[in-house]
Amino acid sequence: MSLRMIARGIAVEMYVGICDFEYQTPQTVIVNVEAEATLPYRPHDIGECLDYTLMCDFVRAWKDRPHTELVETLLFDVVEFCFADARVTRVDVEILKPTVIAQANAVGVGMRVTRADYQQLRASRGAA
């Protein structure tokens, strides 16, 4: 049986982006994550679950990181954080910037990746 940990709308103010104005002031970043894992039926304690609090804390800590140019960096940070738990089999993540382009509600990047895809991506990156 697989269950999903869902954390939507995690907001953090941080320095991110490649435009000159994005270096001047922090902006809101919204993170949506779903991590799927094989977990026991009717878990008895949080150790048998995927703890969404850990995900929220991980993202909120970005407020203290140095300027990040690419939202793709943040995307892969979330993917790596999720797959650090050996039970996780698939991750869906979106990193959105709601204020950077006036004509859009939000812009950003997203990824759906299985553990096998993730391992293959890491292996090919290491070979490059």
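Note: hydrogens, waters and symmetry copies are ignored here, and every other heavy atom, side chains too, is used. Keep in mind it's a predicted model, so treat the numbers as computed, not measured.
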Ile6 and Tyr52: same hydrophobic cluster, using ILVMFWY side-chain contacts below 4.5 Å? no

Are Phe81 and Leu54 close enough that some pair of their side-chain heavy atoms sits under 4.5 Å apart? yes

Return each pair, listed once, that meets ring pair (Phe, Tyr, Trp, His ring centres under 6.0 Å) where at least one residue sits in residues 94-122; pairs must be two or more places apart or across chains. Phe83-Tyr118

With rounding to the nearest 0.5 Å, note down the distance linking OG1 in Thr68 to CH2 in Trp62. 8.5 Å

What's in the same ILVMFWY side-chain cluster as Ile18, cut-off under 4.5 Å, chained through other members? Leu70

Test side chain to side chain contact (heavy atoms under 4.5 Å, CB included) applied to Thr89 and Thr38, step by step: CA-CA 7 Å; Thr89 58; Thr38 301; 4.1 Å; yes

What pairs meet the ring pair (Phe, Tyr, Trp, His ring centres under 6.0 Å) rule with one or both residues in residues 15-36, with sequence neighbours excluded? Tyr23-His67

4.5 Å side-chain heavy-atom contact, Met5 and Cys49: no

Please tell me whether Phe76 and Val91 are part of a single hydrophobic cluster in this structure, the criterion being side-chain heavy atoms less than 4.5 Å apart. yes

Joining Ile, Leu, Val, Met, Phe, Trp and Tyr whenever any side-chain heavy atoms lie under 4.5 Å apart, the cluster holding Ile30 also takes in Leu96

Can you list everything that forms a side-chain hydrogen bond (donor to acceptor under 3.5 Å, both in side chains) with Thr28? Sequence neighbours excluded, please. Glu13

For residues 14-40, which residue pairs pass the salt bridge (Lys or Arg N to Asp or Glu O under 4.0 Å) check, not counting sequence neighbours? Arg4-Glu34, Arg8-Glu34, Glu22-Lys97, Glu36-Arg90

Any pair with a residue in residues 99-121 that passes salt bridge (Lys or Arg N to Asp or Glu O under 4.0 Å), sequence neighbours left out, goes on the list, sorted by first then second residue, please. Asp92-Arg112

Got a sec, which pairs hit salt bridge (Lys or Arg N to Asp or Glu O under 4.0 Å) with one end in residues 62-76, sequence neighbours left out? Arg65-Asp77

Can you pull out every salt bridge (Lys or Arg N to Asp or Glu O under 4.0 Å) where at least one residue sits in residues 46-59? Sequence neighbours excluded, please. Asp57-Arg60

Do Leu3 and Leu50 make a side-chain contact, defined as non-hydrogen atoms from C-beta onward lying under 4.5 Å apart? no

Hydrophobic cluster membership, Val100 vs Val71, 4.5 Å side-chain cutoff: no

Measure the CG-CD1 distance between Asn32 and Ile10 for me, rounded to the nearest 0.5 Å. 7.5 Å

Apply the side chain to side chain contact (heavy atoms under 4.5 Å, CB included) test between Val93 and each candidate in Leu75, Val109, Leu74; give the one that qualifies. Leu75

Which residues pass the side-chain hydrogen bond (donor to acceptor under 3.5 Å, both in side chains) test with Gln120, sequence neighbours left out? none

